[in-house]
Amino acid sequence: MKTTALPPSVLTKSQTRNFGPVPCPSWGEGYTITAAVRYDDRCGNGHNTFGITASIRGPGDPDAAGGCLHNEIAGAFPSLAPLVKWHGVSSDGPLHYLDNAIFLAGERDCHGLLKGEFRQHLSRGKLQAGGIEGVPLWELVHPEGMKTEIYAHEKPAPVTLEWQPYGRTGEGKARELASARVCACWPEATDEELMQETEALKAALLARLPALLVEFKAAVESLGFTY
């Protein structure tokens, strides 16, 4: 994903703040929750990523739960609740920003096909079709119920075989607009905005990204982190 005018970020290997422990009554008496917030490149993928996770301990149960316990975090630490939406966002945008938002908002399945849409398979280079890219694949179709042996007084009529395109027919998918809003950090997006044609939605997502990351930068720095 390439775009311009994004706020610059200083690559940092470790930058974390811990909150708690505080009581976690939703889990029962004696349970506590600790939240950990980070903005760094501990994954080593070349950009800082924001994460907010938690661990819950209980009487005789030191590892009751852990991970993206965002409902529990928001309940136990009200000041952290506005930061939950930034989980997984990096200095260049939400995780797989364009691909995830467009897929979730659309009606194409994981192969990029609408319901009933057919796509013929093509060769993919060195290991197929003599190393030629993009050669269509065909299959030899036998007539339904064709037999290899038959009792008949006279010689049966000739059988004609036919080559037909070989590929995949799409299953499509339902639009997941609520998930698209979460994935794109775009809670105010209307159904109409998310249901645009792919190129129009892509353009809209890219246009709003710089302002989104300015807001993200302010949230990161509110924790005393270096952005």
Side-chain angles (χ1 to χ4, degrees), residues 1-3 43-47 49 65-71 85 87-90 92-209 212:
M1 178 179 63
K2 294 185 180 299
T3 188
C43 297
N45 55 15
H47 54 226
T49 300
C68 299
L69 306 173
H70 291 161
N71 289 335
K85 72 175 184 178
H87 180 78
V89 176
S90 69
D92 55 7
L95 182 66
H96 302 304
Y97 179 56
L98 295 179
D99 289 343
N100 283 346
I102 290 170
F103 173 74
L104 290 168
E107 296 180 293
R108 295 184 179 274
D109 61 25
C110 62
H111 302 288
L113 296 171
L114 296 170
K115 185 174 180 62
E117 181 182 1
F118 178 80
R119 179 188 296 152
Q120 189 172 5
H121 291 327
L122 304 175
S123 64
R124 306 179 77 176
K126 292 183 180 180
L127 300 180
Q128 299 174 321
I132 301 174
E133 189 86 17
V135 176
L137 180 62
W138 302 82
E139 65 174 337
L140 191 61
V141 179
H142 297 72
E144 185 176 354
M146 187 184 80
K147 300 179 180 296
T148 56
E149 295 180 346
I150 185 172
Y151 287 101
H153 290 290
E154 298 181 3
K155 181 179 178 180
V159 174
T160 300
L161 303 181
E162 182 182 1
W163 289 98
Q164 293 185 359
Y166 183 81
R168 182 186 304 276
T169 300
E171 297 180 0
K173 60 175 280 293
R175 295 185 188 272
E176 302 167 77
L177 302 183
S179 296
R181 290 184 180 95
V182 172
C183 164
C185 296
W186 194 4
E188 72 279 12
T190 65
D191 289 358
E192 290 73 20
E193 285 174 316
L194 292 174
M195 292 168 63
Q196 298 179 86
E197 294 295 328
T198 297
E199 287 305 311
L201 176 56
K202 179 178 178 180
L205 289 166
L206 288 175
R208 66 181 294 272
L209 183 59
L212 178 69

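Since the model is a prediction, treat every value here as computed from it, not as a measurement.
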*Report the C-alpha separation of Arg181 and Asp191 in whole Å, then their side-chain angles, then the decisive distance to 0.1 Å, and conclude whether the side chain to side chain contact (heavy atoms under 4.5 Å, CB included) test is met.*
CA-CA 10 Å; Arg181 290 184 180 95; Asp191 289 358; 2.5 Å; yes
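- In plain terms, the two heavy atoms of Trp186 and Ala204 that are nearest each other are CH2-CB, 4.3 Å.
- Residues Ile150 and Pro156 share a closest heavy-atom pair of CG2-CG, 3.6 Å.
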*Step by step, work out the side chain to side chain contact (heavy atoms under 4.5 Å, CB included) result for Thr198 and Leu201.*
CA-CA 5 Å; Thr198 297; Leu201 176 56; 5.9 Å; no
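- A 4.5 Å side-chain heavy-atom check between Phe103 and His96 finds every atom pair outside the cut-off.
- Other residues, nucleotides and ligands contribute only 12 or fewer heavy atoms inside 6.0 Å of the CD atom of Glu171.
- Looking only at side-chain heavy atoms (C-beta outward), Pro143 and Leu161 come within less than 4.5 Å of each other.
- Residues forming a side chain to side chain contact (heavy atoms under 4.5 Å, CB included) with Ala65 (at least two apart in sequence, or on another chain): Trp27, Ile56, Leu69.
- Here the options are Gln196, Glu197, Lys202, the test is side chain to side chain contact (heavy atoms under 4.5 Å, CB included), and the partner is Glu199; only Lys202 passes.
- Looking only at side-chain heavy atoms (C-beta outward), Thr169 and Leu113 stay at 4.5 Å or farther from each other.
- Without hydrogens or angle criteria, Asn100 side chain to Leu95 main chain gives a donor-acceptor distance under 3.5 Å.
- Within a 6.0 Å radius of CD in Glu188, more than 12 heavy atoms belonging to other residues, nucleotides or ligands are found.
- No donor-acceptor distance shorter than 3.5 angstrom exists from the side chain of Lys173 to the backbone of Cys110, with no hydrogens or angles considered.
- At a threshold of 4.5 Å between non-hydrogen side-chain atoms, the residues His142 and Val159 do not count as touching.
- The stretch residues 104-114 participates, sequence neighbours left out, in these side chain to side chain donor-acceptor pair (under 3.5 Å) pairs: Glu107-Arg175, Arg108-Glu117, His111-Arg168.
- The environment of Gln164 atom CD is dense: over 12 non-hydrogen atoms of other residues, nucleotides or ligands sit within 6.0 angstrom.
- Here the shortest heavy-atom pairing between Tyr166 and Gln120 reads O-CG, 3.5 Å.
- Annotation for Cys68 and His87: closest pair SG-NE2, 3.3 Å, computed over non-hydrogen atoms.
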_side chain to side chain contact (heavy atoms under 4.5 Å, CB included) between Thr49 and Cys43, worked out_ = CA-CA 9 Å; Thr49 300; Cys43 297; over 6 Å; no
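- Counting heavy atoms from C-beta on, the side chains of Ser90 and Asn45 never come closer than 4.5 Å.
- The two atoms that bring Leu205 and Ala184 nearest to each other are CD2-CB, 4.1 Å, heavy atoms only.
- Taking every heavy atom of both residues into account, Ala105 and Leu177 meet most closely at O-CD2, 3.8 Å.
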